There are 2 protein chains.
Amino acid sequence: MRALADRVGIRAASLYKHVPDKRALEVALITAGFAEQADAFESVGAGADALDRIGRAYRTWAVAHPHLYRLMTEGELPRADLPPGLEARASLPLVTAVGGDPVRARAAWAFAHGMTILEIDGRFPPDADLDAAWAAGVSAFRGGDPG
Amino acid sequence: MRALADRVGIRAASLYKHVPDKRALEVALITAGFAEQADAFESVGAGADALDRIGRAYRTWAVAHPHLYRLMTEGELPRADLPPGLEARASLPLVTAVGGDPVRARAAWAFAHGMTILEIDGRFPPDADLDAAWAAGVSAFRGGDPG
DNA sequence: GTCTATAGTGGGATAGAC
DNA sequence: GTCTATCCCACTATAGAC
């Protein structure tokens, strides 16, 4: 709260005239983040390479907002305090891109999140080719369902 | 440190007679964790379903040690303070299971980590079938490389 | 190797004047 | 809506007696 107040140019105590507590502020940020993500994913459109383009949009957005991405994906999601339908709206493009199967979409999301959070946390070896890893994952989830 | 001291039955200050600081303790825990993981992954053996069994071993171990798993995968990895070769030993079974391609192994690891950390953090919807999602991911990375 | 006591830091939040 | 002043708590770590 103090760091934020510094950025805004006021004292930390003054923030509590605008927001009840720290968590409410976080929820507002998370809400804005999901809305931005939804816009980004919807803008890639449909087509054969939709999954590839969603993957790129996912990574690009997260790397551009690493702290917000971490806030959005770590710990309990405050579903009750989020605008109804927002989470579904942000995830719909991916579900569509993998053919409508929510199970497959969940797996693809786990891959994307794993790649992203490991990159943000600097966990990959310095020489790792992350573009290639993303391509391998996207290609794995693009193919027909053999299972 | 106080919670640990309580568990051990001594005062927090006394811990510093055994370990220089908190980080050294964490590094010791991380080292033990990787050794345990390596044992678990090596014990699945080779074969056509090695990838499936490694996936199950990965998830089982992580869910059994959620706090240690988080400690091992969050933030910077203290590579310089880890026993040489330990990280490689823990990851070798996966690399072998995906056919020796480190890029493909990296993608499969990202999927496994994504599934795992999202499950530990309770981020999946309550009705999500995680067994099915794991199966979908494993099947995606088991198939031949079309990309 | 254990203890008590304490230093030092940081962070969330409130009270009340203006 | 901003400020100053302050409270309260949690936490890592050290000093020094035993």
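Letters A, B, ... mirror the listed sequences (proteins, then strands); counts begin at 1. Hydrogens, waters and symmetry mates are skipped; everything else that's a heavy atom, side chains included, is used. Fair warning: this is a prediction, and the values are worked out from it, not measured in the lab.
Both A/Asp21 and B/Ala12 lie close to DNA chain C; mapped to their nearest nucleotides by heavy-atom distance, the more 5′-ward contact belongs to B/Ala12. Comparing B/Arg23 and B/Lys17 by the nucleotide of DNA chain D that holds the closest heavy atom to each, the one mapping nearer the 5' end is B/Arg23. Mapping A/Ile10 and A/Arg2 onto DNA chain D by nearest heavy atom places A/Ile10 at the nucleotide closer to the 5' end.
Counting non-hydrogen atoms under 4.0 angstrom, B/Lys22 reaches the backbone sugars and phosphates but no base.
A/Asp101 has its side chain out of reach of A/Val95: every pair of non-hydrogen atoms, C-beta onward, lies at least 4.5 Å apart.
One interatomic measurement links the two molecules: NE2 of B/His18 to P of D/dT12, which rounds to 17 Å at whole-angstrom precision. Taking atom CG on A/Leu4 and atom C1' on C/dG12, their separation rounds to 13 Å, with Å as the unit. If you measure from atom CG of A/Leu25 to atom C1' of C/dA13, you get 14 Å, rounded to the nearest angstrom.
If you take NE2 on A/His113 and CG on A/Leu118, they are separated by 8.0 Å, rounding to the nearest 0.5 Å.
With D/dT14, D/dA5, D/dT2 as the candidates, the nucleotide lying closest to the side chain of A/Ala13 is D/dA5. For A/Arg11, the listed nucleotide lying nearest its side chain is D/dC3; candidates were D/dT2, D/dC3, C/dG12. The side chain of B/Tyr16 lies closest to D/dA13 when the candidates are D/dG1, C/dC3, D/dA13.
The side chain of B/Ser14 places no N or O atom within less than 4.0 Å of a non-bridging phosphate oxygen (OP1 or OP2) of C/dG1.
Aromatic pair A/Tyr58/A/Tyr69: ring centres closer than 6.0 Å.
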task: Report the C-alpha distance between A/Arg142 and A/Asp52 in whole Å, list the side-chain angles of each, state the deciding distance to 0.1 Å, and finish with yes or no for side chain to side chain contact (heavy atoms under 4.5 Å, CB included).
output: CA-CA 8 Å; A/Arg142 193 196 324 116; A/Asp52 182 65; 5.6 Å; no

